[in-house]
There are 2 protein chains.
Amino acid sequence: MIPKSQRRSPCPVACALDILGDKWTLLVIRDLFLGKHHFDEFRASPEGIATSTLSARLAWLTSLGLIRRTGHATDRRRIAYALTERGISLNSLLTETARWGLENIPGTKVMPGGAVSIRAAIKTQPQPKR
Amino acid sequence: MIPKSQRRSPCPVACALDILGDKWTLLVIRDLFLGKHHFDEFRASPEGIATSTLSARLAWLTSLGLIRRTGHATDRRRIAYALTERGISLNSLLTETARWGLENIPGTKVMPGGAVSIRAAIKTQPQPKR
DNA sequence: CAGTATCCTGAAAGATACTG
DNA sequence: CAGTATCTTTCAGGATACTG
């Protein structure tokens with residue numbers, strides 16, 4: 001969490017933006033709500049995030065306690081990410097963002113794979129790839 | 001509006017972030033919902049936005065049709081900004097952002113001046129300064 | 001009051017290559 | 001598969017000064 005001393009103000013909007021206010025963070029969250037769990041799945045999203053950027057975001061969100069890493073002791077190929085309770089609390093904010101975009105930006109549409117779904121995030125177990 | 005050709009994807013979340021995904025834009029929107037209308041009022045907000053940044057954001061939001069400039073023909077001191085219908089449609093997104101910050105970031109609190117209020121934005125008439 | 005005009009710097013991000 | 005390591009570039013944003 002960002003220490004109070006270096007926050008721009010105590011405003012909850014400003015503080016939320018210090019965490020989520022960029023072009024990538026919420027997209028990673030979106031992917032988790034869509035049921036994605038693996039590095040290469042995030043990377044394969046159509047927006048085309050760079051590996052260095054993705055790596056930084058995953059570490060950032062982990063440090064904030066919004067996601068957690070479900071590593072595997074011996075097999076690095078089974079590393080996965082999942083939303084924590086706190087991460088799941090972003091559901092309505094994310095949904096609201098999607099709704100606004102859908103209603104106000106012509107040409108937008110929900111991705112193949114379905115709408116942002118809290119159920120996908122909660123019920124999908126992080127699975128190692130076959 | 002950002003042309004489809006240069007969007008990262010058709011995802012409504014991604015497109016919304018291309019518009020709102022930075023640390024300043026939503027704060028200007030917030031100030032409008034708080035009933036502020038004038039350049040120096042935005043500037044005086046505790047986050048301390050630079051004049052060049054503020055100027056760019058006001059032009060940007062105006063070009064998107066989210067705010068409108070209610071200029072005065074002869075007196076530049078009476079220039080004011082107000083939310084358009086489309087800008088007002090950001091109310092629930094903004095409120096959701098504030099709610100999430102308030103519930104998940106310790107030490108945040110609504111600014112003196114009251115909670116983000118759609119009524120302040122709608123009912124307050126842009127008034128020239130005395 | 002409502003900006004514009006510069007100058008400048010750091011941080012963010014893209015591209016690419018490499019690794020256990 | 002899940003990253004790390006560089007390198008380079010861009011550009012958002014801060015500081016400051018000035019103006020009708």
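In what follows, chains carry the letters A, B, and so on, assigned in the order in which the sequence lines appear, proteins first and then strands, with residues in each chain numbered from 1.
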Visitor: Just grab all the salt bridge (Lys or Arg N to Asp or Glu O under 4.0 Å) pairs involving residues 46-62 of chain B, residues at least two apart or on different chains.
Guide: B/D22-B/R57, B/R30-B/E47
Visitor: Name all residues meeting the side-chain contact (heavy atoms from CB on, under 4.5 Å) criterion together with A/T108; count only those two or more places apart in sequence or in a different chain, and write none if there are none.
Guide: A/L102, A/I105, B/R7, B/P12, B/C15
Visitor: Grab the CD1-P distance between B/I79 and D/dG20 for me, whole Å please.
Guide: 15 Å
Visitor: To the nearest angstrom, how far is A/D18 atom CG from C/dA12 atom C1'?
Guide: 15 Å
Visitor: So, using salt bridge (charged side-chain N to carboxylate O under 4.0 Å, His left out) as the criterion, who are the partners of A/R68 when residues are at least two apart?
Guide: none
Visitor: Please name all residues satisfying salt bridge (charged side-chain N to carboxylate O under 4.0 Å, His left out) with B/R99, sequence neighbours left out, ordered by chain then number.
Guide: B/E96, B/E103
Visitor: Rounded to the nearest Å, what distance is computed from the NZ atom of residue A/K23 to the C1' atom of nucleotide D/dC11?
Guide: 12 Å
Visitor: Check whether any side-chain N or O of A/Y81 sits under 4.0 Å from OP1 or OP2 of D/dG3, and answer yes or no.
Guide: yes
Visitor: Nearest to the side chain of A/W24, heavy atoms from C-beta on, is which of C/dG14, C/dA2, D/dC1?
Guide: C/dG14
Visitor: What integer distance in Å separates B/R43:CZ from C/dT4:C1'?
Guide: 13 Å
Visitor: Would you kindly give the CD-to-C1' distance between A/E47 and C/dG14, to the nearest whole Å?
Guide: 16 Å
Visitor: For B/H38 and B/A80, indicate whether the former's side chain and the latter's backbone hold a donor-acceptor pair under 3.5 Å.
Guide: no
Visitor: For the atom pair CG (A/L17) and OG1 (B/T25), what is the distance rounded to the nearest 0.5 Å?
Guide: 9.0 Å
Visitor: Can you pull out the residues from residues 48-60 of chain B that lie within a 4.0 Å heavy-atom distance of DNA chain C?
Guide: B/T51, B/S55
Visitor: C/dG3, OP1 or OP2 - any side-chain N/O from B/R69 closer than 4.0 Å?
Guide: yes
Visitor: Distance check needed: D/dC11 P versus B/D22 CG, whole Å only.
Guide: 15 Å
Visitor: Residues two or more places apart in sequence or in another chain: which of them pass salt bridge (charged side-chain N to carboxylate O under 4.0 Å, His left out) with A/R43?
Guide: none
Visitor: Of all residues at least two apart in sequence or in a different chain, which pass the side-chain hydrogen bond (donor to acceptor under 3.5 Å, both in side chains) check with B/T53?
Guide: none
Visitor: Give the rounded distance in Å between these two atoms: CG of B/L61 and P of C/dG3.
Guide: 13 Å
Visitor: Mind calculating the distance between CG (B/D40) and P (C/dC1) to the nearest angstrom?
Guide: 5 Å
Visitor: For A/S52, check side-chain contact (heavy atoms from CB on, under 4.5 Å) against everything at least two apart and list the hits.
Guide: A/A50
Visitor: Both distances under 3.5 Å, Watson-Crick or G-U wobble: on that basis, could you give the dot-bracket string for DNA chain C, with [ ] for crossing pairs and | for other-strand partners?
Guide: ||||||||||||||||||||
